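Report on one structure; see the data block that follows.
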2 protein chains.
Amino acid sequence: MTIRSERLTSAVPPGSAAPVSTCAVAVDVALLTVLDGRLKLLLVEPDAPQLAGHWALPGRRVRDDESLDDTAHRALAELAGVRAPDAHLEQLRTYGDPSRDPRGRVVSVAYLALTPTTHDPTDPLTAQLWDVEQLGTQDGPRLAYDHDRIVPDALERARSKLEYTSLAAAFVADVFTLGELRRVYEAVWGVSLDPANFRRKVVSARGFVTEAEGLASPGPGGGRPAKRYRRGPATRLHPAMLRP
Amino acid sequence: MTIRSERLTSAVPPGSAAPVSTCAVAVDVALLTVLDGRLKLLLVEPDAPQLAGHWALPGRRVRDDESLDDTAHRALAELAGVRAPDAHLEQLRTYGDPSRDPRGRVVSVAYLALTPTTHDPTDPLTAQLWDVEQLGTQDGPRLAYDHDRIVPDALERARSKLEYTSLAAAFVADVFTLGELRRVYEAVWGVSLDPANFRRKVVSARGFVTEAEGLASPGPGGGRPAKRYRRGPATRLHPAMLRP
DNA sequence: TCCGGTTTTCGTCATCCTGACCGTAACCGG
DNA sequence: CCGGTTACGGTCAGGATGACGAAAACCGGA
């Protein structure tokens with residue numbers, strides 16, 4: 001921290017090869033949600049003409065008086081129509097390779113956002129939900145910048161945090177059934193879980209869920225009505241819900 | 001990502017309240033090591049006159065052609081005398097509150113570094129190892145900037161990663177005994193562990209350690225000579241080493 | 001009304017992991 | 001030789017896990 005009292009917005013004299021300068025700082029958000037039992041990622045079409053046909057994570061430049069969390073919330077609101085209390089938001093990682101943006105040095109602070117499947121996915125203008133299974137394939141979108149490096153990190157973070165935190169509850173509504181919660185785990189992990197064992201582990205994890213009143217109506221295919229639950233006070237799970 | 005093609009080092013016209021500008025980007029490194037069975041954090045004295053009496057994490061500004069990892073390595077080399085292959089280095093989190101640095105907007109990418117206790121701790125000029133137990137107390141150092149927010153995050157990251165990764169091996173030498181590895185866990189977690197159970201868990205975790213040749217000499221207090229081990233190929237531990 | 005299909009919920013059982021504990025092996029210093 | 005210390009190995013009870021079975025409670029169609 002040997003920063004002198006130079007002003008941050010000071011211009012670099014033309015032609016000088018200053019070893020230390022300032023960078024553009026942006027925030028990119030990887031928003032995940034579960035729709036129809038499948039994990040989805042929200043992507044937007046950048047308006048830069050040289051990136052036509054590519055898709056990108058919704059991102060915004062950081063403003064002078066804005067914290068990084070505020071920028072992430074603003075990116076979600078402006079580009080995806082997601083308001084702050086509807087989403088879980090946490091910082092993921094910062095990407096700052098000098099060549100990651102062809103237009104110049106941009107340091108990007110990536111965020112991970114998780115939303116329940118409550119709002120209509122077609123409300124944003126240019127945003128679209130993509131199935132994460134398609135992402136690597138030729139059916140999937142071509143990602144701009146280094147976002148093909150950010151997305152796997154976001155997926156791994158989400159998959160890992162479902163194991164030892166109560167983060168899966170961020171994917172479901174305020175009141176939910178254990179079947180809905182199980183389908184979240186199955187969609188994020190890409191596996192199928194035994195319903196009986198899943199129930200036992202969730203109920204035995206202290207503070208994960210608390211029983212709510214009433215029963216949920218079965219789906220169109222029938223089935224026994226399920227008990228309703230709410231999130232419990234715990235954030236870390238003891239014992240953990242480990243992937244198979 | 002609506003960044004236009006404006007140059008990143010373009011000067012902001014004086015007096016204009018531009019909502020988007022560039023930031024100074026720095027890297028601060030929280031280096032942890034275990035010395036005499038206690039977890040230590042490396043701090044330096046900033047040379048800024050208004051911060052006399054304060055201690056800070058070693059940090060450097062990011063240069064134009066430098067990746068964030070490179071900056072972290074440079075900060076360790078220049079401020080702590082630690083060369084790259086001697087330390088495990090991973091990104092921790094980015095701190096970007098507008099008021100975190102009183103001299104202006106500085107976005108800091110924090111790194112976590114772990115080193116074995118092999119090099120002499122008195123070689124850097126102004127760097128010093130502090131016992132992490134002293135950090136919150138009045139015997140401890142006064143931390144500059146928002147480094148009192150970074151340090152707890154670094155400690156929690158290290159404590160957590162010891163559970164489900166083989167990161168504890170970064171604290172010991174290339175060849176080590178299970179007693180040395182156990183003292184790492186005890187120092188980082190601040191607990192005392194049963195030697196017999198610890199041995200069983202480490203050996204049964206596939207790929208954590210592999211047996212080396214020869215026996216280690218006992219300490220001055222005696223004791224049976226211990227077998228020597230090396231790091232195994234695993235990075236994730238199965239099963240995990242959970243905190244008591 | 002009856003029946004197959006579906007989902008939820010509960011119970012059983014063998015297996016594995018964990019913590020607590022004991023005993024032995026092998027070294028040190030006095 | 002003997003007490004202290006550390007390393008190593010085994011036992012045992014309790015908890016968690018996966019595989020599996022079965023009952024409860026709903027749906028739709030025959």
Side-chain angles (χ1 to χ4, degrees), chain A residues 36-37 162-164 172 175-187 189 191-230 234 236-244, chain B residues 36-37 162-164 172 175-187 189 191-230 234 236-244:
Chain A
D36 300 327
L162 254 59
E163 290 190 301
Y164 55 94
V172 294
V175 180
F176 54 91
T177 69
L178 294 191
E180 294 166 355
L181 189 66
R182 176 171 50 84
R183 278 181 283 274
V184 165
Y185 276 89
E186 291 175 333
W189 286 346
V191 298
S192 98
L193 301 173
D194 181 76
N197 292 337
F198 179 82
R199 148 174 288 274
R200 183 182 53 194
K201 292 175 74 169
V202 168
V203 173
S204 72
R206 294 174 292 278
F208 190 6
V209 296
T210 63
E211 209 162 333
E213 292 190 354
L215 295 175
S217 306
R224 175 174 169 174
K227 291 181 183 174
R228 297 155 76 97
Y229 291 85
R230 282 195 175 85
R236 315 278 176 190
L237 297 188
H238 295 286
M241 308 267 305
L242 297 181
R243 277 175 274 191
Chain B
D36 300 329
L162 254 59
E163 290 189 302
Y164 55 94
V172 294
V175 180
F176 53 91
T177 70
L178 294 191
E180 294 166 355
L181 190 65
R182 176 171 51 83
R183 279 182 283 275
V184 166
Y185 276 90
E186 291 176 333
W189 286 346
V191 298
S192 104
L193 301 173
D194 181 76
N197 292 338
F198 178 82
R199 146 175 289 276
R200 183 182 53 193
K201 292 173 74 171
V202 169
V203 172
S204 72
R206 293 174 292 277
F208 191 5
V209 296
T210 62
E211 208 161 333
E213 291 189 355
L215 295 174
S217 305
R224 175 174 169 174
K227 293 180 183 175
R228 298 154 77 99
Y229 291 87
R230 283 194 173 86
R236 316 278 175 189
L237 297 187
H238 295 285
M241 309 268 304
L242 297 181
R243 278 175 272 192

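Numbered from 1 within each chain, the chains take letters A, B, ... in sequence-line order. All values derive from a computational prediction rather than experimental measurement.
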message: Is the phosphate of C/dT9 approached by A/R199 (side-chain N or O, under 4.0 Å from OP1 or OP2)?
response: yes
message: Side chain of A/D194 only, heavy atoms from C-beta on: which candidate in D/dC20, C/dT9, D/dA7 is closest?
response: D/dC20
- prompt: At under 4.0 Å between heavy atoms, what does A/P220 touch on the DNA or RNA strands: base, sugar-phosphate, or nothing?
  reply: sugar-phosphate
query: B/R224 side chain: which of C/dT8, C/dC27, C/dA25 is closest?
result: C/dA25
- request: Check whether any side-chain heavy atom of A/R182 lies under 4.5 Å from a side-chain heavy atom of A/P195, and answer yes or no.
  value: yes
query: Of B/G221 and B/A196, whose nearest nucleotide on DNA chain C comes first from the 5' end?
result: B/A196
- request: Drop me the distance from A/L178's CG to A/Y185's OH, to the nearest 0.5 angstrom.
  value: 11.0 Å
- prompt: Using a cut-off of 4.0 Å on non-hydrogen atoms, how would the nucleic acid contact of B/G179 be classed: base, sugar-phosphate, or nothing?
  reply: sugar-phosphate
- prompt: Is there a side-chain polar atom (N or O) of A/K227 under 4.0 Å from OP1 or OP2 of C/dT7?
  reply: no
message: I want to confirm an ordering. Mapping A/L242 and B/L178 to their closest nucleotides on DNA chain D, which one lands closer to the 5' end?
response: B/L178
message: Applying a 4.0 Å non-hydrogen cut-off, can you work out what A/A205 is touching in the nucleic acid: base, sugar-phosphate, or nothing?
response: nothing
- request: Give the intermediate values and the outcome of ring pair (Phe, Tyr, Trp, His ring centres under 6.0 Å) for residues B/F208 and B/Y229.
  value: CA-CA 10 Å; B/F208 191 5; B/Y229 291 87; 10.0 Å; no
Separation of atom CD in B/E180 from atom C1' in D/dT6, rounded to whole Å: 13 Å
- prompt: B/P195 near the nucleic acid: base, sugar-phosphate alone, or nothing, with a heavy-atom cut-off under 4.0 Å?
  reply: nothing
message: Taking A/R228 first and then A/E213, would you say they form a salt bridge - that is, a charged N and a carboxylate O separated by under 4.0 Å?
response: no
query: Within less than 4.0 Å of OP1 or OP2 of C/dG11, is there a side-chain N or O belonging to A/R200?
result: no
- request: Calculate the interatomic distance between A/Y185 atom OH and D/dG18 atom P; express it in whole Å.
  value: 13 Å
- request: Could you please name the option among D/dT17, D/dC26, C/dC17 that lies closest to any side-chain atom of A/P239?
  value: D/dT17
task: With DNA chain D as reference, determine whether B/G223 or A/P244 sits nearer its 5' end, using the nearest nucleotide of each.
output: B/G223
- line: Closest to the side chain of A/P225, out of D/dA25, C/dC27, D/dT11, is D/dA25
field: A/F176 and A/V184, any side-chain heavy atoms less than 4.5 Å apart
entry: no
